[in-house]
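First comes the structure, then the notes that go with it.
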Amino acid sequence: MKPRILAVIGSVRPNSSNQKIVEKIEELLYHDFTFSYFNGLTNLPYFNPDQAFENTPEKVVAFREEIQNTDIVLICTPEYIFSIPGVLKNALEWFVATDIFNQKPVALITASASGEKGQEELHLIMKTLGAKFSEESTLLIPGVKGRFSTDGQLTDPNTIRALQKLSENIKTLL
């Protein structure tokens, strides 16, 4: 059985650049991994520390189980106002004070207009949660919209090479 990658996309826009980036990685890793997507960021309730362990909402329990039962988590997110999107931060807050991400292999992509501050924040959050990642399992893609053709195809050769390299590095996370 192939190892499983769970993709969490920080953008809630359908057919976003982030979605297309993850689809390209899925295409590159198709023979080595099974992919699934967590599409419920907007369905998670706001983080409430009083419900972290007691009366935890069912949707949060299900999300935690998905993370627990996957081999690698791939997070691809835009940057909004020098930060990660609120829905992604809210989702990750539900893992505070759990060990679910402890030593969990993760790959982190920030794909946005700039992305530097969002990437810094994502790295800090994942480090705080105890996730296992390195410089080789992360990628910053600034100016992401300009890397696609008008019909939505990823055409930038540097981005394609960076995704190929990241995909090779993802194989070494297990």
Side-chain angles (χ1 to χ4, degrees), residues 5-29 33 35-44 46-47 63 66-67 70 72-96 100-101 103-173:
I5 293 176
L6 176 66
V8 178
I9 299 168
S11 175
V12 296
R13 292 174 55 209
N15 209 24
S16 69
S17 299
N18 284 258
Q19 176 78 32
K20 292 175 189 174
I21 293 287
V22 172
E23 288 169 356
K24 180 64 176 176
I25 290 177
E26 181 179 9
E27 176 187 312
L28 292 167
L29 292 173
F33 292 91
F35 262 74
S36 59
Y37 291 78
F38 178 75
N39 295 314
L41 288 181
T42 59
N43 296 325
L44 293 174
Y46 291 117
F47 175 66
F63 182 41
E66 278 197 69
I67 297 291
T70 196
I72 296 172
V73 177
L74 168 63
I75 298 174
C76 185
T77 185
E79 173 188 82
Y80 296 151
I81 313 174
F82 305 109
S83 182
I84 63 173
V87 292
L88 178 58
K89 177 128 183 353
N90 179 63
L92 294 173
E93 285 175 343
W94 281 106
F95 292 91
V96 170
I100 294 171
F101 266 108
Q103 292 303 301
K104 174 70 70 178
V106 298
L108 306 172
I109 302 171
T110 307
S112 200
S114 171
E116 289 178 22
K117 294 296 183 186
Q119 184 182 46
E120 287 174 21
E121 182 178 270
L122 182 59
H123 287 197
L124 179 61
I125 291 167
M126 298 314 294
K127 185 176 181 180
T128 301
L129 294 176
K132 179 181 160 188
F133 66 97
S134 67
E135 196 65 37
E136 288 77 31
S137 66
T138 66
L139 181 61
L140 173 63
I141 306 173
V144 69
K145 286 188 181 182
R147 297 171 188 261
F148 289 88
S149 65
T150 55
D151 65 345
Q153 299 299 309
L154 181 62
T155 56
D156 179 63
N158 292 330
T159 304
I160 292 169
R161 278 191 296 277
L163 291 174
Q164 289 168 334
K165 182 177 178 183
L166 179 64
S167 296
E168 289 301 314
N169 291 335
I170 287 173
K171 292 179 187 179
T172 69
L173 289 175

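Start at 1 with the first residue, then count along the sequence. These numbers were taken from a predicted model, which means no experiment stands behind them.
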Apply side chain to side chain contact (heavy atoms under 4.5 Å, CB included) to [X] and list each qualifying residue two or more places apart in sequence or on a separate chain.
X	result
N39	Y37
T42	V12, V87
E116	S114, L140
K145	R13, S17

K89, NZ: over 12 other non-hydrogen atoms inside 6.0 angstrom: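 No.
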Crowding at CD, E135 (>12 non-hydrogen neighbours, <6.0 Å): no
May I ask you to say whether [X] pairs ionically with [Y], meaning some side-chain N is under 4.0 Å from a carboxylate O?
X	Y	result
K165	E168	no
E27	K24	yes
E121	K117	no

The single option from F63, F101, F47 passing ring-ring contact (aromatic ring centres under 6.0 Å, His included) against W94: F47
Polar side chain donor-acceptor pair, Q153 to T155, under 3.5 angstrom: no
To the nearest 0.5 Å, how far apart are [atom1] in [X] and [atom2] in [Y]?
X	Y	atom1	atom2	result
I67	I100	CD1	CD1	8.5 Å
I75	I109	CD1	CD1	10.5 Å
I25	L166	CD1	CG	5.0 Å
R161	D156	CZ	CG	8.0 Å
L29	K171	CG	NZ	6.0 Å
L139	N169	CG	CG	10.0 Å

S149: partners by side chain to side chain donor-acceptor pair (under 3.5 Å), with sequence neighbours left out: D151
Residue list, side chain to side chain donor-acceptor pair (under 3.5 Å) with E66, at least two apart or on another chain: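 In terms of side chain to side chain donor-acceptor pair (under 3.5 Å), with neighbours along the sequence ignored, E66 is linked to no residue.
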Heavy-atom side-chain proximity of [X] to [Y] below 4.5 angstrom:
X	Y	result
L108	H123	yes
F95	T128	no
L122	L92	yes

What are the two closest non-hydrogen atoms of [X] and [Y], and how far apart are they?
X	Y	value
P78	G10	CD-C, 3.8 Å
I170	I72	O-CD1, 3.7 Å
A111	N18	O-ND2, 3.3 Å
R147	L154	O-CD1, 3.4 Å
G152	F148	O-CD2, 3.5 Å
I84	G118	CG2-O, 3.5 Å

Derivation of the side chain to side chain contact (heavy atoms under 4.5 Å, CB included) call for F33 and L74: CA-CA 12 Å; F33 292 91; L74 168 63; over 6 Å; no
